[in-house]
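For clarity, every value in this text was computed on a predicted model and none was experimentally measured.
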Amino acid sequence: MNLDLAIRTLALALCLPIAGCGGGGSGTGDSGGNLASRSLGSSVPAPRSCAGIATPPLPDRKPTRAEASRFLTQATFGPTKSEMSRVASIGYEAWMKRQFTQRASSHLRLYRARSPREPRDPRARQSAWWQIAVTSRDALRQRVAFALSEIFVVSEQGSGLYENQEGLTYYYDLLVNGAFGSYRELLETVTLSPVMGSYLSMLSNPKPDTANGLRSDENFAREVMQLFSIGTVQLNLDGTVKRDAAGNALPTYTQDDIVNLARALTGWSWKGASDFHLGPRSWTTQMTAFRPGGRIDGPGEFHDTGAKTLVGGTYLPPGLTAEQDLEMALDALARHPNVPPFISRQLIQRLVTSNPTPDYVRRVATVFQTSGGNLGSTVQAILLDPEARLGPDYLGPAFGKVREPLLRMTQLWRAFDGRASRLRFDSPRDVVEQSAVSAPSVFNFFSPTHAPAFLARGVAADPCAPVAPELQLAHESSLPRADNLIFNAMARHRGPTRITDTGVHNVRIRLTTETRLAKQATQDALVEHLNVLLMGGRMDAELRSQVTAYLNTLPAGEPDRRAAEAAYLVLSSPQNLVQR
Amino acid sequence: MNKPDFSRRRFLRCAAQAAFATAGTYSLLGSLRGLGLSSANAAPGDYRALVCVFLLGGNDSLNLLVPRDAAGYATYAAGRRNLALSNASLLPISPLSGGDYGLHPSVPGLRDMFAAGRLAFLANTGTLLAPTTKADYAAGHNLPRNLLSHNDQQTQWMLGQPDSEPSRGGWAGRLSDLMMDSSADGLAMNVSISGTNLFQTGALTTAYSMAASGPVRYEAAASSSQRAATLAAIRQSAVNGNHPFAAYLGAVARESDELAARVGGALTGAAPLNTVFPASQLGKQLLAVTRLMQSRTQLGAPSRQIFFIGMGGFDTHDAHLAQHANLLADLSASLKAFDGALNELGMGQSVTTFTHSDFGRTLTSNGDGTDHAWGSHQMVMGGAVRGGTIYGQMPDLRLGSADDLIDGRFIPSTAVDQYAATLGKWLGASSSDLNTVFPNLNRFASADLGFMA
């Protein structure tokens with residue numbers, strides 16, 4: 001059994017008392033168990049290996065409400081009171097089974113309901129996203145779709161796509177509809193969407209023009225390998241990096257592979273285009289291979305029909321059509337052994353924990369593989385894994401992930417029945433600096449390898465050094481902005497949410513249960529309710545007493561204020577910002 | 001004035017101390033010391049700052065700095081094809097280093113500063129592990145990992161040592177580890193106007209992050225002292241608690257809350273500037289940097305600082321000519337305004353602005369854009385820069401030349417390590433500091449490229 005990661009991370013967390021410069025008080029951790037900081041600290045070994053850790057079995061019983069809340073934090077945009085009751089009543093698997101058959105909510109439908117015939121209304125897209133994230137019944141599908149949107153990244157930023165909000169909405173629905181389907185199919189769907197085609201310039205990408213010294217555009221060919229399928233280095237099934245005898249990571253592909261893949265994917269344009277470059281454009285239908293003069297067979301003049309050799313040695317013989325080349329190329333990527341761990345690990349990181357143990361990754365990647373790359377089965381394996389369900393209990397502080405700003409807001413609005421009138425769920429994006437499909441680049445809002453330097457603790461070459469990708473979004477200006485949004489939503493809940501510097505005017509929340517509990521003689525029941533609803537039961541005694549003490553300073557005759565302030569304090573706490 | 005222990009850098013230092021004390025794997029601690037640079041007592045004149053403008057996505061520097069002589073231009077145009085700028089459109093410059101070059105027509109501000117000796121180019125710079133030839137590349141000898149990949153190459157530029165690990169921190173962060181008196185009160189040595197970045201993250205210290213619009217206050221704390229006390233206590237519990245992510249978040253929140261009023265007050269109190277900045281994102285960010293520098297005494301800023309600004313959009317795979325022209329126009333106008341504002345404040349000699357970028361772009365065209373390459377030209381600007389010239393070696397732009405890997409992707413002839421070390425030396429890092437931060441430095445011909453006075 002290898003507890004090194006837990007030990008290292010725990011030792012780090014306890015370092016302030018050790019170093020004697022914490023500035024008062026020692027931690028009263030909720031999961032440190034009987035591990036004493038000093039003995040741990042002195043026994044921290046050299047860099048841990050990537051070996052796994054024995055996994056305890058899942059208890060054979062219905063989940064508690066707190067456990068249901070934890071589960072929904074991973075599986076949805078945040079627990080609602082009714083979903084929490086449902087999971088506690090029917091169990092995880094039955095809940096997931098219902099979710100798998102739940103009809104997919106369409107962003108495009110809501111978009112068009114709000115902005116008929118308007119292709120460029122960013123508020124309509126955001127409104128649809130919030131409406132669905134906060135209120136839709138297909139909560140698992142929508143959460144997975146958001147995770148996929150952080151893997152198959154397109155963005156309204158840094159591209160011409162801001163003008164094509166309807167197209168972005170259509171693209172997002174492709175992820176929603178593909179969230180439980182086959183990875184291979186989703187890869188093709190994404191590849192042939194005009195939004196992705198525009199974002200990474202595979203749309204209207206012609207074969208090389210040697211006479212004029214022009215190459216094919218390599219943008220999509222590179223990023224589809226680096227980000228959407230196999231990554232830059234060879235992986236074992238458990239997600240660890242394969243290395244040569246000298247310890248160097250083995251690269252997955254070469255520049256030559258990129259050039260060949262780019263050529264294989266030439267010749268695609270807008271559906272029904274009469275001009276390869278100009279269209280006419282249609283953002284809500286998939287691209288098709290361009291056939292000049294309406295020819296329906298034979299290679300188009302913009303597709304490179306020469307032979308190509310792709311990553312892993314796949315040979316595309318000369319004379320194939322654009323469709324044939326694309327099928328074979330995407331097959332070659334999808335069957336690459338990197339795909340199961342590469343995609344599984346990222347989905348785990350987006351839903352459950354930043355630093356999954358290699359065993360966890362291997363278990364999920366195995367399901368990915370044996371299910372033929374079925375994303376629904378993969379998600380089920382991720383959420384039902386003992387590490388997801390019991391991680392904090394046996395991994396301690398090594399388990400968990402930081403909530404992205406967007407997920408802080410969905411947590412609030414879902415927990416307290418956020419409702420917007422007339423489809424006007426206005427986006428708080430200017431405040432929280434994050435909104436769906438608006439990353440600064442195809443590398444998403446944060447790097448999957450981001451780690452504040454203190455986390456890595458100078459262990460330079462540790463292949464399993466802990467990461468905290470979402471912490472990249474947590475800095476001195478982003479944290480108070482998100483906090484102000486939450487404060488305004490909570491502390492002034494009696495009216496609509498009022499924000500001083502943005503337009504979130506239409507979301508109402510309800511604190512009925514909380515206000516009722518706040519009328520009790522002590523505030524313990526209220527705080528415990530929030531502990532379960534917001535923190536999945538993982539609030540430590542110190543936070544509990546701090547919140548309670550503050551509530552006791554507020555007038556007993558104002559239970560609605562007590563309820564709102566209690567909710568704000570819990571939502572705002574750094575402890576709650578870490579999803580565990 | 002004694003303020004409570006609030007700084008995140010203190011927190012990080014403690015974390016690191018504990019780590020080193022227990023794991024014993026890394027002994028930077030031994031070399032940790034202040035240089036007596038801590039803020040309050042520094043003479044107002046003794047101030048130096050570096051400002052990094054990171055051109056995210058990979059700037060096409062081949063269309064920024066173009067040979068104008070007949071043979072040079074013909075070679076450029078033969079490779080560039082339909083993306084070649086016309087010779088007549090280029091803004092001519094006459095570098096002291098010789099040759100006949102022109103700048104992109106969108107950068108009159110840069111041309112003016114070059115002519116005034118306030119701006120220099122550093123030719124064909126990039127990530128290198130050692131001087132590298134085409135044969136080395138063919139043999140896979142001594143190559144940085146994942147060349148041509150955005151995030152890897154951004155990371156390696158920020159590290160200032162391509163084979164280092166992100167866990168060791170970026171070069172500004174590591175300089176700060178060595179140079180900053182981490183017990184000092186006040187603003188950090190590193191300040192970011194573009195959020196968290198590896199460049200400024202050290203093993204012991206990290207950056208203070210401020211939005212271009214200024215610091216943001218916690219409304220919940222501002223509206224009730226009782227609530228503020230509770231929030232502070234909750235944060236402190238997180239800092240002392242057992243989850244490192246929550247501890248980090250608590251420490252950042254604490255620093256944010258405690259510095260917001262002070263920074264906001266100092267910025268509000270600063271005298272208005274006559275210089276007008278462009279309304280672009282970059283213009284606003286450079287204005288924010290100017291205001292912070294202007295307020296440095298009130299802020300208790302250390303006398304050596306490094307600022308970071310990211311400018312996005314340079315990944316011009318398509319619509320290249322139009323997009324790139326817009327980007328460069330903004331860059332030129334914003335940098336010109338920044339230079340003007342610094343001169344207005346009498347700080348022209350004290351501040352050096354420089355560019356970094358993921359990589360250069362292919363000389364060849366993909367039809368309406370360019371793809372990822374390697375070496376690229378960078379710019380250094382300021383009164384302390386020996387400007388008006390081109391440092392380093394311009395690449396041989398002939399396709400298939402000894403400098404060309406393939407399709408006009410040029411092997412850098414100057415390493416980012418040399419470039420950064422030259423800047424670090426000007427900032428005041430000792431040669432032993434520089435060798436600590438840039439351990440590969442001695443593999444290259446010169447640790448000082450000579451562009452700083």
Side-chain angles (χ1 to χ4, degrees), chain A residues 9-13 15-16 18-19 21-23 25-27 29 32 41-42 44 158 201 206 212-219 226 232 397 402 440 443 447 452-460 465 468 472 474-477 479-481 483-484 487 542-543 546 550 553 573-575 577-578, chain B residues 5 12 14-19 22-23 25-26 81 146 148-151 165-169 195-196 201-203 208-211 216-220 226 230 233-235 237-238 240-250 252-253 255-256 312-313 317-318 364-367 369 371 407:
Chain A
T9 318
L10 184 62
L12 166 64
C15 78
L16 296 175
I18 292 171
C21 38
S26 61
S42 60
V44 170
S201 46
N212 287 305
L214 305 179
R215 295 171 295 99
S216 294
D217 191 308
E218 298 165 5
N219 198 10
Q226 178 165 351
T232 55
V402 174
F443 290 85
S447 159
F454 78 97
L455 272 182
R457 305 173 66 221
V459 185
Q472 202 173 341
H475 48 74
E476 288 88 346
S477 59
L479 284 181
R481 283 185 184 192
D483 198 84
N484 290 343
F487 176 66
E542 199 169 349
L543 178 58
Q546 285 160 333
Y550 175 72
T553 69
S573 69
Q575 293 89 333
L577 258 68
V578 182
Chain B
D5 165 37
L12 293 171
C14 290
Q17 278 175 348
T22 55
T25 51
Y26 194 48
R81 300 292 180 125
N146 296 322
L148 281 64
S149 150
H150 284 294
N151 59 340
E165 293 291 331
S167 56
R168 293 193 64 202
T196 309
T201 303
Y208 173 70
S209 194
M210 189 188 87
V216 183
R217 300 192 66 171
Y218 278 88
E219 292 176 26
Q226 182 75 33
T230 301
I234 290 173
R235 281 201 302 261
S237 298
N240 296 341
N242 81 342
H243 202 290
F245 299 175
Y248 181 84
L249 288 160
V252 178
E255 179 160 288
S256 172
H317 288 278
D318 56 1
T364 54
S365 162
N366 67 29
D371 292 289
D407 300 327

Original post:
For chain A, which of B:M210, B:Q226, B:R217 has the most heavy-atom pairs under 4.5 Å?
Top reply: B:Q226

Subject >> Min side-chain heavy-atom separation A:L479-B:S256 under 4.5 Å >> reply: no

**OP:** For residues A:E218 and B:N366, determine if any side-chain heavy atom of one lies less than 4.5 Å from a side-chain heavy atom of the other.
**Re:** no

Original post:
With respect to chain A, which residue among B:G367, B:G195, B:A246 yields the maximal number of heavy-atom pairs within a distance under 4.5 Å?
Top reply: B:A246

**OP:** Flag the one option from A:P440, A:S216, A:G213 with the top tally of heavy-atom pairs under 4.5 Å to chain B.
**Re:** A:G213

Original post:
Do the side-chain N and O atoms of B:T364 and A:R215 include a donor-acceptor pair separated by under 3.5 angstrom?
Top reply: yes

Subject >> Segment of B:S365 engaging chain A (4.5 angstrom heavy-atom cut-off) >> reply: both

Original post:
Among B:I234, B:D407, B:D318, which residue forms the greatest number of heavy-atom pairs with chain A at distances under 4.5 Å?
Top reply: B:I234

**OP:** Taking the side chain as every heavy atom from C-beta outward, state whether A:T553 and B:T230 have any atom pair closer than 4.5 Å.
**Re:** no

**OP:** Quick one: list whatever passes side-chain contact (heavy atoms from CB on, under 4.5 Å) with B:S149, sequence neighbours left out.
**Re:** A:Q226, B:N146, B:N151, B:D152

